[in-house]
Chemist: 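One structure follows; several queries about it will come next.
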Amino acid sequence: MTEPQVASSDATNIECSILREGDHYIVNGRKWWTSGAMDPRCKILIVMGKTDLNAPKHKQQSMILVPIDTPGVCIERALTVFGFDDAPHGHAEIVFENVQVPIKNVILGEGRGFEIAQGRLGPGRLHHCMRLVGAAERGIEMMVKRALQRKAFGKFIAQHGSFLSDLAKCRLEIEKTRFLVLEAANQLDLFGNKVARGAIAMAKFTFVM
């Protein structure tokens with residue numbers, strides 16, 4: 001979805017073209033931060049582009065499946081975050097030059113790309129929240145393990161009142177967040193993305209405070 005030349009958080013800005021020619025689409029454009037494209041197991045790319053510039057603003061975009069070994073697909077480079085490239089599973093900058101894809105590869109039909117992107121936005125955010133709860137649990141495990149192995153001022157760190165107080169605060173924060181994420185997931189399952197968006201936003205906000 002993301003492109004270097006435009007603010008792609010607004011999907012209506014996307015410039016990549018997916019134009020129909022006979023029984024194929026021709027894809028042209030440049031994408032970056034393509035998740036997982038550097039992983040050797042990656043065989044299919046989901047590309048978002050515009051199929052009809054004359055359609056209503058939110059019906060111009062479509063998503064299409066592009067086999068990564070299709071002629072015209074060029075992985076230019078792995079992208080780094082703070083100097084790390086997450087190899088071999090990182091993000092990539094990819095150029096699509098006259099890439100020919102069968103019409104059957106379009107997802108759900110022409111003009112439904114924006115709809116698909118919006119539909120997965122809430123669940124995608126919640127997925128990150130779940131992962132971060134797990135990361136927090138791992139962090140607290142490491143903290144406890146270290147506190148039980150190291151001594152300061154004649155006793156284990158775990159025996160100091162200040163450590164126990166901080167540990168209790170960490171546990172409370174994790175549990176509060178876990179239940180908030182669980183509630184958001186429950187609303188998503190029961191009522192759908194639109195109704196659950198408030199709970200999802202609160203869960204996400206918890207991790208950026």
Chemist: Using side-chain contact (heavy atoms from CB on, under 4.5 Å), reason through Met143 and Cys170 one step at a time and then give a plain yes or no.
Modeler: CA-CA 10 Å; Met143 180 171 64; Cys170 290; 4.1 Å; yes

Chemist: Distance from Ile103 atom CD1 to Arg20 atom CZ, nearest 0.5 Å?
Modeler: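 Output value for this atom pair is 4.0 Å.
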
Chemist: In Å, rounded to the nearest 0.5 Å, how long is the span from CD1 of Ile14 to CD of Gln5?
Modeler: 13.5 Å

Chemist: Measure the CD-NZ distance between Glu110 and Lys59 for me, rounded to the nearest 0.5 Å.
Modeler: 12.5 Å

Chemist: Apart from Ile26 itself, what residues make up its hydrophobic cluster when side-chain heavy atoms of I, L, V, M, F, W and Y under 4.5 Å apart count as a link, directly or indirectly?
Modeler: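 ILVMFWY cluster around Ile26 holds nothing else.
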
Chemist: Could you tabulate the donor-acceptor pairs under 3.5 Å formed by side-chain atoms of residues 27-40, not counting sequence neighbours?
Modeler:
from: Asn28; atom 1: OD1; to: Asn98; atom 2: N; distance (Å): 2.7
from: Asn28; atom 1: ND2; to: Asn98; atom 2: OD1; distance (Å): 3.2
from: Arg30; atom 1: NH1; to: Glu76; atom 2: OE1; distance (Å): 2.8
from: Arg30; atom 1: NH1; to: Glu93; atom 2: OE2; distance (Å): 2.8
from: Lys31; atom 1: NZ; to: Met1; atom 2: O; distance (Å): 3.1
from: Lys31; atom 1: NZ; to: Glu3; atom 2: OE2; distance (Å): 2.8
from: Lys31; atom 1: NZ; to: Met48; atom 2: O; distance (Å): 2.6
from: Thr34; atom 1: OG1; to: Ala92; atom 2: O; distance (Å): 3.4
from: Asp39; atom 1: OD1; to: Arg41; atom 2: N; distance (Å): 2.8
from: Asp39; atom 1: OD1; to: Arg41; atom 2: NE; distance (Å): 3.1
from: Asp39; atom 1: OD2; to: Arg41; atom 2: NE; distance (Å): 3.4
from: Asp39; atom 1: OD2; to: Arg41; atom 2: NH2; distance (Å): 2.8
from: Asp39; atom 1: OD2; to: His89; atom 2: ND1; distance (Å): 2.6

Chemist: Is it true that Ile75 and Leu45 fall in one hydrophobic cluster, defined by side-chain heavy atoms closer than 4.5 Å?
Modeler: yes

Chemist: Can you give me every donor-acceptor pair (side chain of residues 173-186, partner residue at least two apart or in another chain, under 3.5 Å) with its distance?
Modeler:
from: Glu173; atom 1: OE2; to: Lys176; atom 2: NZ; distance (Å): 3.2
from: Glu175; atom 1: OE1; to: Arg178; atom 2: NE; distance (Å): 3.4
from: Glu175; atom 1: OE2; to: Arg171; atom 2: NH1; distance (Å): 2.8
from: Glu175; atom 1: OE2; to: Arg178; atom 2: NH2; distance (Å): 3.2
from: Thr177; atom 1: OG1; to: Glu173; atom 2: O; distance (Å): 2.8
from: Arg178; atom 1: NH2; to: Glu137; atom 2: OE2; distance (Å): 2.3
from: Glu183; atom 1: OE2; to: Gln187; atom 2: NE2; distance (Å): 2.9

Chemist: Rounded to the nearest 0.5 Å, what separation is found between the CG atom of Leu188 and the CZ atom of Arg197?
Modeler: 13.0 Å

Chemist: Who passes side chain to side chain contact (heavy atoms under 4.5 Å, CB included) against Ile107, sequence neighbours left out?
Modeler: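 Expected list: Ile46, Met63, Leu65, Ile116.
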
Chemist: For His58, give me all partners under ring pair (Phe, Tyr, Trp, His ring centres under 6.0 Å), at least two apart in sequence or on another chain.
Modeler: Phe114

Chemist: Not counting sequence neighbours, which residues clear side-chain hydrogen bond (donor to acceptor under 3.5 Å, both in side chains) with Thr51? List them please.
Modeler: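 With sequence neighbours excluded, Thr51 shows a side-chain hydrogen bond (donor to acceptor under 3.5 Å, both in side chains) to Ser62, given in chain and number order.
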
Chemist: If only atom types and distance count, is the side chain of Gln60 paired as donor or acceptor with the main-chain N or O of Ala55 below 3.5 Å?
Modeler: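 Checking the backbone N and O of Ala55 against the side chain of Gln60, a donor-acceptor pair under 3.5 Å is found.
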
Chemist: Apply side chain to side chain contact (heavy atoms under 4.5 Å, CB included) to Thr70 and list each qualifying residue two or more places apart in sequence or on a separate chain.
Modeler: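 With neighbours one apart ignored, the set is Val66, Pro67, Val73, Val99.
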
Chemist: Would the distance check show the side chain of Thr206 and the main-chain N or O of Met202 forming a donor-acceptor pair, the cut-off being under 3.5 Å?
Modeler: yes

Chemist: So, taking the atom named OG in Ser8 and the one named CG in Asn13, what distance separates them when rounded to the nearest 0.5 Å?
Modeler: 7.0 Å

Chemist: What side-chain donor-acceptor pairs closer than 3.5 Å can you find for residues 147-163, not counting sequence neighbours?
Modeler:
from: Gln159; atom 1: OE1; to: Phe156; atom 2: N; distance (Å): 2.9
from: His160; atom 1: NE2; to: Ala152; atom 2: O; distance (Å): 2.8

Chemist: How close do Val47 and Cys16 get, heavy atom to heavy atom, and via which atoms?
Modeler: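 So the two residues come closest at CG1-SG, 4.2 Å.
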
Chemist: Could you give all pairs that pass the salt bridge (Lys or Arg N to Asp or Glu O under 4.0 Å) test and reach residues 43-54, with sequence neighbours left out?
Modeler: none

Chemist: Hey, can you pull the donor-acceptor pairs under 3.5 Å for the side chains in residues 127-134, sequence neighbours left out?
Modeler:
from: His128; atom 1: ND1; to: Arg131; atom 2: NH1; distance (Å): 3.0

Chemist: Cluster partners of Val6, using ILVMFWY side-chain heavy atoms under 4.5 angstrom, listed by chain and number?
Modeler: none

Chemist: Tell me, with the steps shown, if Val106 and Tyr25 meet side-chain contact (heavy atoms from CB on, under 4.5 Å).
Modeler: CA-CA 9 Å; Val106 72; Tyr25 287 102; 4.1 Å; yes

Chemist: Same cluster for Ile44 and Val101 if Ile/Leu/Val/Met/Phe/Trp/Tyr side chains link at under 4.5 Å?
Modeler: no

Chemist: Could you identify which residues cluster with Leu190, counting Ile, Leu, Val, Met, Phe, Trp and Tyr as linked when any side-chain heavy atoms lie under 4.5 Å apart, either directly or through a chain of such contacts?
Modeler: Phe191, Val195

